[in-house]
Amino acid sequence: MADDAAIQSRQATRAAAHMGDGVGTAAFLAGLAEAWPCLHRMAGGLLCRARKCGLVDAGWRRAGTCWRTHGPGAWTWPPLRALVRWVDASLPVFAGVFLLGLLFDVIEPFGLDNASKAQSQRITARVLAPFYRSDAQDHIAVVMIDDHTLEARGVGWPPQYAYYDEVVRRILAQRPRAVYLDILMQQRRDYDDSYEDARLGIGEEVVAAGIPVYFGVAAPGGRSLFSQAGGARDVVTSWQGAGADYPLSIYGDYINAQGAALGAPGVAGAGADERSVALALYEAACGGARAGCTEPAAALSAPARAQPMAVQWGSTRPRGPAAVACTRRDEVGNGARMAVSLGLLWDSFNSGRDEQVEDRNRERCAYTFTVFEEQLDEDAMRDALADRVVLVGTHLTGLNDRVLSPVHQQIPGVYLHAMALDNLMTWGERRAHRTEGANLALALLNAVLLSLAAGMVLLAVRGTTNRMVLIAVLSALLGMGVAVFAQLAWRQPPQDWIGLLGLALAVTYYVVNLGQQRPQGQEQDDGQGEQEGARYVGDAGGAGGGNDGMGVDGTVPVESPGDPGHQ
């Protein structure tokens with residue numbers, strides 16, 4: 001017994017020389033052994049059996065003994081010793097963050113992981129929106145029909161079919177690249193006798209202009225009232241099962257039941273194919289090397305067409321005539337973009353205390369150049385739509401065609417198609433999307449960086465409160481940094497950095513208090529746990545031969561704004 005006490009005393013003395021404030025793997029295991037003695041005995045028993053079975057060779061035993069005895073002090077070169085101490089202090093945090101992160105990802109308790117992931121992506125999208133810029137912004141436009149438009153025209157909703165003929169004619173007169181009407185018209189109204197004239201008129205205008213014109217339908221094979229051979233075409237505007245992503249090709253499980261019921265399959269070769277609105281307009285706008293297109297649409301690979309896109313939103317107002325509201329004349333500098341980005345981040349930070357702050361401070365002007373339909377005859381609008389892809393949408397009371405933008409809040413659904421088209425024209429093959437396996441790699445990168453930050457703080461800072469505050473700040477910055485890196489460099493949607501931040505704080509707090517606990521329950525400061533931690537190192541090393549192995553609802557109304565796909 002005396003020999004055992006002497007051995008433990010020598011081990012405690014050596015450990016106290018390098019453990020400093022009780023931070024590190026050895027201190028964590030010692031604290032864990034005291035807090036969970038049954039776990040300690042079980043681990044020691046398993047290790048003993050593994051040694052007897054030859055599963056742990058002499059080399060690993062010697063390495064474990066050396067680490068328990070000397071720890072980071074085994075390295076004599078100061079920079080290397082400091083690096084090893086840093087890694088040693090970070091290991092318990094990394095193990096806890098990574099393993100608990102995997103556990104939460106698998107069991108998904110109460111949907112917390114999905115909720116924090118969605119919030120992480122939304123906040124990252126808000127922060128990055130002011131920095132999104134593209135040449136495509138000058139080549140996309142939205143023509144909006146709202147309540148004021150109908151009042152100015154003296155019509156109600158739905159208007160007569162002749163109204164659509166007039167809208168298409170006035171837009172085509174400005175020579176756009178392509179036109180899309182985000183309005184579902186798949187069932188005819190018998191009381192409106194203007195249908196035949198409107199259908200013939202639209203067909204003749206499309207043929208004469210030689211410009212692609214698309215009407216939205218609910219599903220592949222669907223036919224709109226105005227589509228015809230050589231004239232207007234059909235394109236799918238609604239889907240399901242893609243979450244917040246935007247599918248480029250709509251097939252299989254992406255076809256919603258309501259859309260399939262409304263989309264009557266036409267004759268062979270007729271009706272809409274599997275392309276979504278953004279993909280069809282991208283192919284029409286970027287058939288070759290044209291302004292605003294990073295690469296021809298033909299360069300988009302088949303796997304990219306089959307994979308949904310994570311839409312990146314912008315918030316900078318478009319350039320346009322001074323007579324048009326919500327436009328700018330000058331370039332926006334990086335300083336102004338940074339100020340807007342920080343303001344959006346601050347609003348998100350305060351949204352827990354003030355639920356309306358994001359809505360009050362939302363960007364009220366769309367990223368896409370917008371003209372109201374009744375303005376098309378004005379002199380200032382004479383060439384406003386020239387060489388642009390034009391999307392016609394609605395913003396009407398009583399019609400629930402809305403999507404959620406991270407910077408605009410509720411916004412007419414046509415802007416989702418416009419933003420997805422902008423992404424394709426800007427990025428092409430490099431559009432943001434989810435790659436299999438990338439989520440695990442980014443989670444591992446996040447865990448490593450957060451753990452290293454926690455280890456550095458534990459070694460350099462005293463006081464639990466000071467440590468927790470600094471770790472929270474560093475974790476938020478690192479998590480946001482990895483999210484930005486993932487989106488800009490890897491073209492991946494942001495990861496769940498908010499959830500990892502919470503895990504890092506919880507695990508670090510547990511590690512700190514576990515490694516500094518006194519058996520008598522005495523209150524102590526963070527820098528006064530050397531002897532107790534050293535004592536537990538000796539205990540951990542003696543039990544069982546040591547612990548070297550631990551370480552949108554889908555309803556598609558008839559003649560209503562096209563559903564952008566939120567199911």
Which atom pairs, one a donor and one an acceptor, fall under 3.5 Å between side chains of residues 291-298 and the rest of the protein, sequence neighbours left out?
{"from": "T294", "atom 1": "OG1", "to": "M425", "atom 2": "O", "distance (Å)": "3.1"}
{"from": "T294", "atom 1": "OG1", "to": "T426", "atom 2": "O", "distance (Å)": "2.5"}
{"from": "E295", "atom 1": "OE2", "to": "E429", "atom 2": "N", "distance (Å)": "2.8"}

Under 3.5 Å: donor-acceptor pair, side chain of [X], backbone of [Y]:
X    : Y    : answer
Q409 : L404 : no
R467 : T464 : no
D147 : T397 : yes
D422 : A418 : no
H408 : C365 : yes
Q186 : G222 : no
T237 : G216 : no
R319 : D138 : no
E374 : I145 : no
S315 : V407 : no

Are more than 12 heavy atoms from other residues, nucleotides or ligands located less than 6.0 Å from atom [atom1] of [X]?
X    : atom1 : result
F349 : CZ    : no
D354 : CG    : yes
E355 : CD    : no

Check whether NZ of the Lys or CZ of the Arg R388 lies under 6.0 Å from the centre of the six-membered ring of F369 and within 45 degrees of that ring's axis.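 Geometry flag: set, cation within 6.0 Å and 45°.
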Determine the minimum heavy-atom distance between [X] and [Y], stating which atoms define it.
X    : Y    : result
C326 : P318 : O-CD, 3.5 Å
S120 : I498 : OG-N, 3.1 Å
Q487 : R491 : O-NH1, 2.5 Å
P308 : Y254 : CG-OH, 3.1 Å
A219 : A272 : O-CB, 4.2 Å

Quickly, which of R290, R233, R275 forms a salt bridge (charged side-chain N to carboxylate O under 4.0 Å, His left out) with E283? Name it, please.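 The salt bridge (charged side-chain N to carboxylate O under 4.0 Å, His left out) with E283 is passed solely by R275 among R290, R233, R275.
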Within this structure, what is the [atom1]-[atom2] distance for the pair [X] and [Y], rounded to the nearest 0.5 Å?
X    : Y    : atom1 : atom2 : answer
H433 : T435 : NE2   : OG1   : 3.0 Å
L181 : S224 : CG    : OG    : 9.5 Å
T370 : R317 : OG1   : CZ    : 11.5 Å
D146 : T394 : CG    : OG1   : 9.5 Å
Y214 : D234 : OH    : CG    : 10.5 Å
E373 : L376 : CD    : CG    : 5.5 Å

Residues M480, L345; criterion side-chain contact (heavy atoms from CB on, under 4.5 Å); working and verdict: CA-CA 11 Å; M480 184 72 70; L345 178 61; 4.0 Å; yes
Going through the checks in order, is the side-chain contact (heavy atoms from CB on, under 4.5 Å) test met by R402 and H395? CA-CA 9 Å; R402 303 285 188 275; H395 182 43; 3.3 Å; yes
What I'd like to find out is whether the side chain of [X] reaches to under 4.5 Å of the side chain of [Y], using heavy atoms alone.
X    : Y    : result
P220 : D273 : no
D347 : R126 : yes
L421 : M419 : no
L424 : M309 : yes
V93  : S90  : no
I255 : W239 : no
D245 : R434 : yes
W497 : L478 : no

Full working for side-chain contact (heavy atoms from CB on, under 4.5 Å) between V179 and V168: CA-CA 8 Å; V179 181; V168 171; 5.6 Å; no
Kindly state whether the ring of [X] and the ring of [Y] have centres lying under 6.0 angstrom apart.
X    : Y    : result
H417 : Y246 : yes
Y415 : W313 : no
F215 : Y164 : no

Apply side-chain contact (heavy atoms from CB on, under 4.5 Å) to the pair L391 and D182, showing each step before the final yes or no. CA-CA 7 Å; L391 299 90; D182 192 39; over 6 Å; no
Going by atom type alone, with no hydrogens or angles, which donor-acceptor pairs under 3.5 Å involve a side-chain atom of residues 441-460 and a protein atom two or more places apart or on another chain?
{"from": "S451", "atom 1": "OG", "to": "F94", "atom 2": "N", "distance (Å)": "3.1"}
{"from": "S451", "atom 1": "OG", "to": "A447", "atom 2": "O", "distance (Å)": "2.6"}

Restricting to ring-ring contact (aromatic ring centres under 6.0 Å, His included), what partner residues turn up for F372, sequence neighbours left out?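 Testing F372 for ring-ring contact (aromatic ring centres under 6.0 Å, His included), a comparison that skips the adjacent residues, returns none.
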Going by distance alone, is a donor N or O of one side chain under 3.5 Å from an acceptor N or O of the other, for [X] and [Y]?
X    : Y    : result
N334 : R337 : no
Q307 : R431 : yes
T316 : R133 : no
S348 : E358 : yes

Applying side chain to side chain donor-acceptor pair (under 3.5 Å), run through T368 and Q137 and close with a yes or a no. CA-CA 6 Å; T368 306; Q137 187 182 27; over 6 Å; no
Would S276 and Y282 count as a side chain to side chain donor-acceptor pair (under 3.5 Å) here? Give the steps. CA-CA 10 Å; S276 66; Y282 176 50; over 6 Å; no
Are any of the side-chain nitrogens in [X] or [Y] under 4.0 Å away from the carboxylate oxygens of its partner?
X    : Y    : value
D379 : R382 : yes
R305 : E274 : no
R175 : D387 : no

